[in-house]
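Let me begin by presenting the structure, written as structure tokens, before commenting on it.
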Amino acid sequence: MPSTRLANLIDGRLAAPLDDHWLDVYEPATGAVFAQCPDSSAADVAAAVYAAQRAAPGWAATPADTRAQLLHRLADLIEARLDEFAALESRDSGKPVSLARRLDIPRAVSNLRFFAAAIVAWESEAHAMETGAINYTLRHPLGVVGCISPWNLPLYLFTWKIAPALASGNAVIAKPSEITPCTAALLGELSIEAGFPPGVLNIVQGRGPATGQAIVEHPAVKAISFTGSTRTGASIAATAAPQFKKLSLELGGKNPAIVFADAELSDENLDTIVRSGFANQGEICLCGSRLLVQRSIYDSFRERYLAKVNALRVGDPQQASSDLGALVSREHFDKVMRCIAQARDEGGRILCGGNALQLEGRCADGWFIAPTVIEGLSNDTLTNQQEIFGPVVTLIAFDDEADALAIANGTGYGLAASLWTGDLSRAHRMGAQLEFGIVWINCWLLRDLRTPFGGSKQSGVGREGGVEALRFFTEPRNVCIRYL
Ligand code: NAD
């Protein structure tokens with residue numbers, strides 16, 4: 001019997017699901033159930049929306065300063081329990097605890113603090129007309145909004161949505177992934193301690209097609225901010241469109257990392273290139289899973305790259321020495337293994353990895369895969385077109401800039417690209433021509449929270465981050481006054 005039962009947060013109180021249905025929550029490193037999370041129904045969602053509807057007018061009328069103070073208080077409470085949050089995130093998702101401690105939880109704190117600061121500094125526009133009139137823009141919160149997040153960066157992406165939604169004065173119905181529900185549940189408890197008015201933040205746990213669908217369908221929910229797979233994004237868009245809901249969709253990717261012969265391939269840069277493929281077991285939407293290398297340096301690069309990949313330590317996520325942990329679920333582990341088998345069938349040569357790993361001791365039944373590098377596949381193979389979302393990178397040689405651009409842009413996705421070059425003109429030329437929402441040059445995952453974040457093509461619709469998120473969660477109204 002699992003020791004922990006998580007709760008929903010509805011109307012400022014922790015609550016069990018009305019139907020008393022529960023989902024098992026697994027520890028990926030051991031394959032064992034360690035908690036249960038509510039399998040909430042449409043009735044739970046309706047109760048949350050009712051609470052949010054009652055709370056929304058008061059929250060919208062609360063001064064931005066006060067809203068910001070509450071977000072800062074929540075950030076303080078999470079920061080004070082950084083180790084506990086990091087351990088829980090690692091246990092729930094399989095990611096190394098060192099990564100959760102260094103990246104996920106501090107970033108969740110930053111998200112809350114960033115939008116707390118952003119809302120008090122936010123300005124509205126004014127447009128003066130020479131003919132004697134002035135326009136100014138009012139931005140009202142939307143009312144009740146839905147925030148639905150995935151399992152790969154659980155608290156990081158959960159807070160990326162709820163922070164701007166709350167800061168701009170909306171009441172929120174939030175749903176973390178049912179695969180990694182734990183840290184959001186703990187945040188819910190702390191939001192009570194922080195003093196948020198009841199109903200302003202509601203967290204309804206459960207499965208996508210039931211709980212998530214009920215949030216998207218509910219007529220009182222005015223907007224949905226969703227991060228997850230392209231397939232789910234399409235289904236959410238189809239459900240939301242007839243009700244004309246505002247939508248922000250942050251979806252999948254098949255990102256290129258492009259290395260030119262003129263790049264400075266210091267040890268540090270090479271480590272970043274390796275990290276860009278394998279951080280969080282490759283389960284980051286921004287990971288570069290297609291590594292394009294200029295033909296003139298291909299062989300020497302491959303040798304140095306493989307030496308570094310082979311040195312990555314896959315192990316118990318709780319151990320500080322582990323670079324990679326377990327894949328998030330049995331289902332996802334099976335999917336990634338199928339993708340590796342498909343790459344073999346397509347004629348790919350496995351240069352390293354390609355197999356599951358059987359660890360010893362408490363991790364004997366965990367879902368581990370060796371970091372895998374594959375070459376010999378053209379860009380139009382399924383392996384190079386479909387998102388794998390695991391520790392799998394393909395190497396592709398290219399001749400020149402035009403070739404690199406054609407391969408990099410030759411995908412249905414458009415989330416992120418990274419480019420390694422010592423030629424500044426090339427960097428600008430390629431930066432302008434790569435069809436991705438984010439282009440990193442001589443770096444990867446360097447994030448400034450003020451910048452627009454999101455993808456094009458099948459990687460999504462809309463942008464989050466900075467004022468883009470505040471704009472999304474508000475409705476602009478232009479007021480035009482004639483004075484002549
Ligand atoms: P997913 O689409 O299966 O689930 C994401 C969330 O949506 C979960 O909370 C899930 O319960 C919910 N959901 C599922 N079906 C739903 C429905 N019909 N209605 C409403 N909600 C529903 O994605 P996942 O497997 O959790 O996450 C991995 C995917 O997320 C990958 O494709 C990855 O690229 C993508 N991702 C994108 C970004 C980005 O910023 N673009 C960031 C992280 C992850």
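Every number for a ligand or one of its atoms is a count from 1 in the order of the listing. Note: hydrogens, waters and symmetry copies are ignored here, and every other heavy atom, side chains too, is used.
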Please determine whether side chain to side chain contact (heavy atoms under 4.5 Å, CB included) holds for the pair K254 and R290, giving the CA-CA distance in whole Å, both sets of side-chain angles, and the decisive distance to 0.1 Å. CA-CA 7 Å; K254 190 73 186 176; R290 293 180 297 145; 3.8 Å; yes
for atom 23 (O) of ligand 1, nearest protein heavy atom and its distance come out as S229 N, 3.3 Å
When you measure from atom 38 (C) of ligand 1 to every protein heavy atom, which one gives the shortest distance, and what is it? C285 SG, 3.1 Å
If the threshold is 4.0 Å, N to carboxylate O, is there a salt bridge linking E283 and K95? no
Any Lys/Arg nitrogen of R338 or D334 sitting under 4.0 Å from an Asp/Glu carboxylate oxygen of the other? no
Are R107 and W160 in a cation-pi contact, defined as NZ or CZ under 6.0 Å from the six-membered ring centre and within 45° of the axis? yes
With nothing but distance in play, are any N or O atoms of [X] less than 3.5 Å from an N or O of ligand 1?
X: S459; result: no
X: N152; result: no
X: E178; result: yes
X: R207; result: no
X: L251; result: yes
X: W151; result: yes
X: L157; result: no

Going by the atom numbers of ligand 1, which of them fall below 4.0 Å from some non-hydrogen atom of [X]?
X: L415; answer: 41 (N)
X: S149; answer: 6 (C), 8 (C), 9 (O)
X: T227; answer: 5 (C), 36 (N), 37 (C), 38 (C), 39 (C), 40 (O), 42 (C), 43 (C), 44 (C)

Would S177 count as a contact residue for ligand 1, given that I'm defining contact as a non-hydrogen atom of the residue lying under 4.0 Å from a ligand atom? yes
Quick one: does P176 get a heavy atom under 4.0 Å from ligand 1? yes
Within-4.5 Å side-chain heavy-atom neighbours: F196 and L71: yes
Going by heavy-atom distance to atom 7 (O) of ligand 1, choose the closest among F226, F389, F453. F226
